[in-house]
Amino acid sequence: MVSPPPGAAAVAARVGLRVGPAPRPLMGSQGRSGPPGNGGAGEGEGGEARKLQEGRVARGKRRKGKGKGKASAGQGGRGSGAEGKPGPQTAKEAAGPRAEAGARAGPREEAEGGGSVEEGARGIRGDKESAGTGKEAQGKEYGKKEEWRVRARRREGARPGRAQGRGGQAWADIAGTGAAMAAAAGEEEEEEEEEAARESAARPAAGPALWRLPEELLLLICSYLDMRALGRLAQVCRWLRRFTSCDLLWRRIARASLNSGFTRLGTDLMTSVPVKERVKVSQNWRLGRCREGILLKWRCSQMPWMQLEDDSLYISQANFILAYQFRPDGASLNRRPLGVFAGHDEDVCHFVLANSHIISAGGDGKIGIHKIHSTFTVKYSAHEQEVNCVDCKGGIIVSGSRDRTAKVWPLASGRLGQCLHTIQTEDRVWSIAISPLLSGQLMTHLGSDFPPGAGVLDVMYESPFTLLSCGYDTYVRYWDLRTSVRKCVMEWEEPHDSTLYCLQTDGNHLLATGSSYYGVVRLWDRRQRACLHAFPLTSTPLSSPVYCLRLTTKHLYAALSYNLHVLDFQNP
């Protein structure tokens, strides 16, 4: 029996040699008693002939130094923790616990396979290096897969990773406590939600060629689509839904719609509301779909008038003017008024809001000036009979009365009550509107050859050269001072031959009128001759006329003698 050379125990400890009787093969001639890739002595034991081991020793000498560091135990190429790179290991760590068993076995015991310790050590080392070379390709393959996993989880850079190689699994060290891991998991979920939101808003990476066009060109193509086609295109995906909600695409459609917040000159009066939402509501105006309700009730008022300012409604009841605040839906009011303005001895016939003031005209022939945010009130005698109408603009007040005069007054605090100019007329004055030009002089008389009693009850300017009027002759007339002052440009006739007390317009295509019979409110599309829709607010022919109308993008308010109605076109 050949005794092992000195230092054999150290060699056995270094290479992880298990000294003792050779175990019985488990799988044929190449039975493996250990898991693949663990680098232990069980790999290739008992099933191979000694000649094969000698051949491996020869090949191992030629490749000496190449396989070391590439085939460390439990690591396949790349893939250590989150970074995917192998960490350095000592020979003792690579050999595992079997090196200690080999060291304890002593120098006189033979190696596995019946050879000496030195020979067995050389055989096992050669076998290990050969196995490392054979496993290198497999480690690279696993490394590539792990690299793709790392790329797919870039957001998880700080999270402990898992690498797999040489048939084994290597787990990176987990830093921090369980609470830190839970916090990291929560942050990861939030990042995933944010990433999903960004992906939904971002343009799809794959799909039809239409999606890959520049946005300017795509905007040009979509500008030729109508409202229905844009709505269908928005149902394709989230990105197209966001893209087709652009105001530029809906602006052209909105300008052709009813009460969408655009004037005839293209000025946007509702910049805070998305154009697409306004187009949706405009379809309810066109189809007459609305929900009717009563905002306020009162006992009696001769000629109630109202004005809107932001989220507040001002309405006259008898000799008072009350201010109410709208609720967020715009179709209901807070029951308790914000303020009450008094001062007239008889009913308030008309009032306007200007420069944080309320200028009111009363049946007692007086004009009242009230400060909106204070208790300041001044009234002075203006006409010999009741004041039917009043208007204020640019620091100038103009009033009209039953005494067949119209007068001009200053709004300056030091000159209140001083008449600047008096205009004699042929009949009582029912309505007054100051031109945006503020010329301060009589320019012309509108119309000619009117039948007797065809008085004008309401008039409003749309621009310095265009205005609308209505009255006892049951017509709404549209005037353009640049073409003719004797003949109107267009007119619309009330179909039931009813007096028209008031009118309102959105400055573009929509026109609303209030008639004297049945309290009927009519909607007109100015591009058509016939009435678009009619809404009777009362049920008896002797009921009150509609004295005043006010429009918003979503609501129509109508004041009658006993109550205030609202037509809600946003939620029909």
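- Between Arg278 and Asp247, no side-chain nitrogen of the basic residue sits less than 4.0 Å from a carboxylate oxygen of the acidic one, so the salt-bridge criterion is not met.
- For Ser360 and His370, the side-chain atoms include at least one donor-acceptor pair closer than 3.5 Å.
- More than 12 heavy atoms of other residues, nucleotides or ligands shown are found within 6.0 angstrom of CZ on Arg402.
- A donor-acceptor distance shorter than 3.5 angstrom exists from the side chain of Asn388 to the backbone of Val429, with no hydrogens or angles considered.
- A donor and an acceptor atom, one from each side chain of Asn284 and Gln570, are nowhere located under 3.5 Å apart.
- Taking 4.5 Å as the limit, some side-chain heavy atom of Asp345 sits within range of a side-chain heavy atom of Lys366.
- Cys488 approaches Tyr478 most closely through the heavy-atom pair CB-O, 3.3 Å.
- Across all their heavy atoms, Leu296 and Trp298 have their closest contact at CB-CZ3, 3.8 Å.
- Under the 3.5 Å distance criterion, with hydrogens and angles disregarded, no donor-acceptor pair is assigned to the side chains of Gln235 and Arg232.
- Taking a 6.0 Å sphere around CZ of Arg527, one finds it holds more than 12 heavy atoms contributed by other residues, nucleotides or ligands.
- Of all heavy-atom pairs between Pro410 and Arg415, the closest is CG-O, 3.2 Å.
- The two atoms that bring Leu225 and Arg252 nearest to each other are O-NH2, 2.8 Å, heavy atoms only.
- If you check the side chains of Asp480 and Thr483, you find no donor sitting under 3.5 Å from an acceptor.
- For the side chain to side chain contact (heavy atoms under 4.5 Å, CB included) criterion with Leu523, the lone passing option out of Thr513, Leu511, Leu258, Leu510 is Leu510.
- The shortest non-hydrogen separation linking His496 to Glu494 is N-OE1, 2.8 Å.
- Taking all atoms of both residues into account, the shortest heavy-atom contact from Met303 to Tyr547 is CG-CE2, 3.9 Å.
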